[in-house]
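Positions are given from 1 along the sequence.
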Amino acid sequence: MGIPLLRTLHSVSRSLAGAFGAPARLSLLVGLCCAAALSGCSSIASSAAGNLADKLSTAILNQDDPELVRESLPAYLLLLDSLASSPDATPAVLGAAARLYAAYAIVFVTDPDRAATLASRAHLYGVRATCSATKATCDIETLPFADLGARLEKVTPAQCGALFSFAVGSLAYVRTHSDDWQAVAGLPRIEAVLARLLVIGAPDQAGTVNTYLGILNTLRPPALGGQPERGRIYFEKAVALTGGRDLSVLVEYARGYARIVYDRELHDSLLNQVLAADPRQEGYTLLNTLAQKQATELLASANDYF
């Protein structure tokens, strides 16, 4: 995340956010989900409320003023808190809370302590969501890693939304607790969850999941165990899945892969594609607006980096 971005439409919004520690980079892509958050609420609300949620999510995704979105989101956080406080809160409500808190913490909060607090709440909601969806993953954070794969095999496509929310909340937590090596040590576990989501996840989540996996495989250079070529494959798959309309994928491709392998030509080419593109794409305008800002900043710092 150099900023992780925002993305949703009944599934996921996306953000790009920043650096990981001093020597290493953690560019997380955290999913915001105004649409998914609101649709989760509408599952226990009236049909009229559901229609309103759909219209609101569309308006947010097509908004080219990120500041207006930033000012609007806290009201939904409070609404989700009230719904999630019930011991009978559904996986949809808990998952929506995880994604929305994660996005707000990473994209819009500049105070590190406050961002960490909000991301911690996102993480807890994600844990509750996946446990509410299936008892198979109630101990997902403490289960021995060797046993994780078999447990994830028990998660069904119907339960993948909660598992996705767990991944989003966990990534936000790691991003805001980058000096806590216990938190950082959870990255392989998150990667395993994302790999399972490639198999059982919803089609409209596939681009996001591939981008997350691209990021996780390019956190470190090859000499330190990173797998940038594997990350490149994930990024290219994400570009194909989104038809190039999601400019944030190109930004992450440049930031995550091109920089780590010191490919200046690819880096500048990807970012110039972002700047030359029309950001107003149905369902992507908000995140494309943010992506273009990121592209400008990355190009401005390229001479110092390469």
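- Residue pairs meeting the disulfide (SG to SG under 2.5 Å) criterion with at least one member in residues 88-139, sequence neighbours excluded, are Cys131-Cys138.
- Pairs passing the disulfide (SG to SG under 2.5 Å) check and including a residue from residues 78-112, sequence neighbours excluded, do not occur.
- Not a single salt bridge (charged side-chain N to carboxylate O under 4.0 Å, His left out) links Glu265 to another residue, sequence neighbours left out.
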Just list the side-chain donor-acceptor pairs under 3.5 Å for residues 183-192, sequence neighbours left out, or say none.
unit_1 : atom_1 : unit_2 : atom_2 : d
Arg189 : NH1    : Ile140 : O      : 2.8
Arg189 : NH1    : Leu143 : O      : 2.7
Arg189 : NH2    : Leu143 : O      : 2.9
Glu191 : OE2    : Asn217 : ND2    : 3.3

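- Between Tyr305 and Tyr262, the ring center distance clears the sub-6.0 Å criterion.
- For the atom pair CD1 (Ile260) and OH (Tyr257), the distance works out to 10.0 Å, reported to the nearest 0.5 Å.
- Tested against Leu163 for a side chain to side chain contact (heavy atoms under 4.5 Å, CB included), the candidates Val193, Thr156, Val168, Thr134 yield a single pass: Val193.
- There is no path of hydrophobic side-chain contacts, each under 4.5 Å, that joins Leu241 to Phe235.
- The salt bridge (charged side-chain N to carboxylate O under 4.0 Å, His left out) search around Arg245 returns none, not counting sequence neighbours.
- Sequence neighbours left out, the pairs with a member in residues 122-132 that pass side chain to side chain donor-acceptor pair (under 3.5 Å) are Asp81-Tyr125, His123-Glu141, Thr130-Thr137.
- Listed by chain and residue number, nothing satisfies the salt bridge (charged side-chain N to carboxylate O under 4.0 Å, His left out) test with Arg114 (two or more places apart in sequence, or in another chain).
- Under the disulfide (SG to SG under 2.5 Å) criterion, Cys160 pairs with no residue at all, not counting sequence neighbours.
- Looking only at side-chain heavy atoms (C-beta outward), Tyr104 and Pro74 come within less than 4.5 Å of each other.
- A continuous path of Ile, Leu, Val, Met, Phe, Trp and Tyr side chains, each step under 4.5 Å between heavy atoms, connects Phe166 with Ile200, placing both in one hydrophobic cluster.
- Every residue two or more places apart in sequence or in another chain was checked for a salt bridge (charged side-chain N to carboxylate O under 4.0 Å, His left out) with Asp180, and none qualifies.
- The disulfide (SG to SG under 2.5 Å) pairs that include a residue from residues 162-208 number zero, where partners must be two or more places apart or lie in different chains.
- In this structure, Asp268 pairs ionically with Arg264, as a charged nitrogen and a carboxylate oxygen lie closer than 4.0 Å.
- In this structure Phe145 satisfies the ring-ring contact (aromatic ring centres under 6.0 Å, His included) test with no other residue, sequence neighbours excluded.
- Tyr234 pairs by the ring-ring contact (aromatic ring centres under 6.0 Å, His included) definition with nothing, not counting sequence neighbours.
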